[in-house]
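Read the structure below first, then the notes.
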Amino acid sequence: GVGQAVSDGRRAVELAEADAKEILTGALAACARALFFAGELDEAWAVAVRTLEQPAIERHVPSLVVARSTLALVAIERGSLVAAQGHAEKAKAAVGRIGTSRSWLGANASAALGSVLAAEGSLVEAERRLTSAERFFTDEVATLHHTWLLVLLARVRLRRGRLDTAAAALRSAGRALAELVDSGTVSALAEEVERELEAARGRSVSGEMLERPSDAELAVLRLMAIGLSNREIGER
């Protein structure tokens with residue numbers, strides 16, 4: 001549960017400060033992420049910033065990536081997209097330095113970048129980033145991070161007008177939420193996306209276009225309409 005994670009995170013920081021300074025960055029980064037999921041944004045920001053202020057933080061790449069990703073997520077919630085993008089890009093760069101892009105750590109950076117792109121309205125690229133991250137968050141049991149990614153994917157797919165795939169992601173998130181003791185802000189986010197989905201279904205039934213096709217998508221549609229094969233469309 002998120003509440004227990006916050007309690008454990010704060011205790012871990014206390015223990016590290018007292019007798020294990022070498023793991024303080026990890027304790028701080030983990031605590032900051034738990035605070036984010038608890039909706040304690042100001043404290044999450046402060047703890048993540050403190051993580052980055054630790055000596056030799058550049059050598060503690062996992063802690064740096066989690067802290068930067070958390071700062072990006074908090075900045076999105078505050079509406080500071082420029083700051084969010086900066087933190088997300090730095091998280092991505094740190095992952096690249098140690099060659100772990102295809103890992104749970106890399107997925108943290110991808111999730112942060114995908115969240116920034118979604119907030120900016122770059123939905124196609126946001127879905128690509130979030131889908132990549134979701135694979136690495138998948139586990140044999142329900143976890144908060146994976147559930148959160150499923151809800152984010154549902155929202156992006158919904159806003160792209162892909163109602164069926166959005167609903168499927170939301171159903172998977174719902175099953176995971178039922179297994180979690182305390183999901184913090186994720187359950188409220190899932191309820192919000194569910195309401196958006198129902199509203200979009202109502203609009204689609206009335207014939208409203210949920211999202212205009214991009215120029216590239218329109219080009220493909222026009223070529224399909226004149227009977228070209230997939231290969232020919234690809235060549236064009």
Side-chain angles (χ1 to χ4, degrees), residues 1-80 83-98 100-101 103-116 133 136-137 139 141-149 151-152 176-177 179-189:
V2 173
Q4 186 64 50
V6 169
S7 177
D8 289 343
R10 288 174 175 154
R11 181 61 177 147
V13 170
E14 291 175 4
L15 292 169
E17 288 174 326
D19 200 33
K21 290 292 197 299
E22 68 277 8
I23 60 168
L24 180 57
T25 56
L28 287 166
C31 186
R33 181 57 60 88
L35 287 162
F36 168 75
F37 282 125
E40 301 290 344
L41 298 184
D42 290 342
E43 190 178 356
W45 180 274
V47 174
V49 167
R50 190 180 165 203
T51 308
L52 300 180
E53 292 172 344
Q54 296 304 301
I57 182 62
E58 293 298 325
R59 294 204 303 269
H60 297 273
V61 176
S63 302
L64 187 155
V65 171
V66 173
R68 286 285 186 195
S69 299
T70 301
L71 287 171
L73 297 171
V74 173
I76 292 169
E77 294 297 319
R78 291 175 166 177
S80 303
Q85 184 175 30
H87 288 300
E89 290 290 351
K90 288 176 180 177
K92 177 187 174 186
V95 168
R97 287 204 308 272
I98 60 173
T100 56
S101 296
S103 66
W104 188 89
L105 191 61
N108 267 276
S110 290
L113 278 169
S115 297
V116 172
F136 291 98
F137 282 133
D139 207 332
V141 296
T143 69
L144 188 70
H145 275 88
H146 186 226
T147 306
W148 169 65
L149 253 294
V151 177
L152 295 185
L177 284 168
E179 295 183 36
L180 296 172
V181 175
D182 166 19
S183 54
T185 58
V186 176
S187 56
L189 178 61

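The shortest non-hydrogen separation linking Val6 to Ala34 is CG2-O, 3.6 Å. Here the closest heavy-atom approach between residue Ser63 and residue Ala29 is recorded as O-CB, 3.6 Å. The two atoms that bring Val95 and Gly106 nearest to each other are CG1-CA, 3.9 Å, heavy atoms only. Between Thr70 and Ala32 the shortest heavy-atom distance is CG2-O, 3.8 Å. The minimum heavy-atom distance linking Ala72 with Ala88 is given by the pair CB-N, 3.9 Å.
By the salt bridge (Lys or Arg N to Asp or Glu O under 4.0 Å) test, Glu14 pairs with Arg11, sequence neighbours left out. In this structure Ala30 satisfies the side-chain contact (heavy atoms from CB on, under 4.5 Å) test with no other residue, sequence neighbours excluded. Residues that satisfy the salt bridge (Lys or Arg N to Asp or Glu O under 4.0 Å) test with Asp19, not counting sequence neighbours, are absent from this structure. In terms of the ring-ring contact (aromatic ring centres under 6.0 Å, His included) criterion, residue partners of His87 (sequence neighbours excluded) are, by chain and number, Trp45. Residues meeting the salt bridge (Lys or Arg N to Asp or Glu O under 4.0 Å) test with Glu43, sequence neighbours left out: Arg10. When the side-chain contact (heavy atoms from CB on, under 4.5 Å) test is applied to Glu58, the partners found at least two apart in sequence or on another chain are Leu64, Arg97. For Glu17, the salt bridge (Lys or Arg N to Asp or Glu O under 4.0 Å) partners two or more places apart in sequence, or in a different chain, are Arg50. With sequence neighbours left out, the side chain to side chain donor-acceptor pair (under 3.5 Å) criterion links Asp8 to Gln4. Contacts of Ala27 classified as side-chain contact (heavy atoms from CB on, under 4.5 Å), with partners at least two apart in sequence or in another chain: Ala12, Val13, Ala16. Take Ala83 and apply the side-chain contact (heavy atoms from CB on, under 4.5 Å) test, not counting sequence neighbours, and it matches Ala75, Ser80.
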From CA spacing to verdict: side-chain contact (heavy atoms from CB on, under 4.5 Å), Leu41, Leu35: CA-CA 7 Å; Leu41 298 184; Leu35 287 162; over 6 Å; no
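Between Ser115 and Leu73, some side-chain heavy-atom pair lies under the 4.5 Å cut-off. Two residues are said to be in side-chain contact when any heavy atoms from C-beta on lie closer than 4.5 Å; Ser69 and Arg33 meet this criterion. Side-chain atoms of Leu105 and Val66, non-hydrogen and from C-beta on, do get closer than 4.5 Å to each other. Within the 4.5 Å cutoff, no side-chain heavy atoms of Leu180 are placed close to those of Val2. At least one side-chain heavy atom of Val65 sits under 4.5 Å from a side-chain heavy atom of Val61.
Rounded to the nearest 0.5 angstrom, Leu177 CG and Asp182 CG are separated by 11.0 Å. Atom NE2 of residue His60 and atom CG of residue Leu28 lie 11.0 Å apart, to the nearest 0.5 angstrom. For the atom pair CG (Leu189) and OG (Ser183), the distance works out to 10.0 Å, reported to the nearest 0.5 Å. With values rounded to the nearest 0.5 angstrom, Thr51 atom OG1 is found 8.0 Å from Leu24 atom CG.
For residues 14-41, the pairs satisfying ring-ring contact (aromatic ring centres under 6.0 Å, His included) are Phe37-His145, Phe37-Trp148, with sequence neighbours left out. Among pairs with a residue in residues 59-80, those fulfilling salt bridge (charged side-chain N to carboxylate O under 4.0 Å, His left out) read Asp42-Arg78, at least two apart in sequence or across chains.
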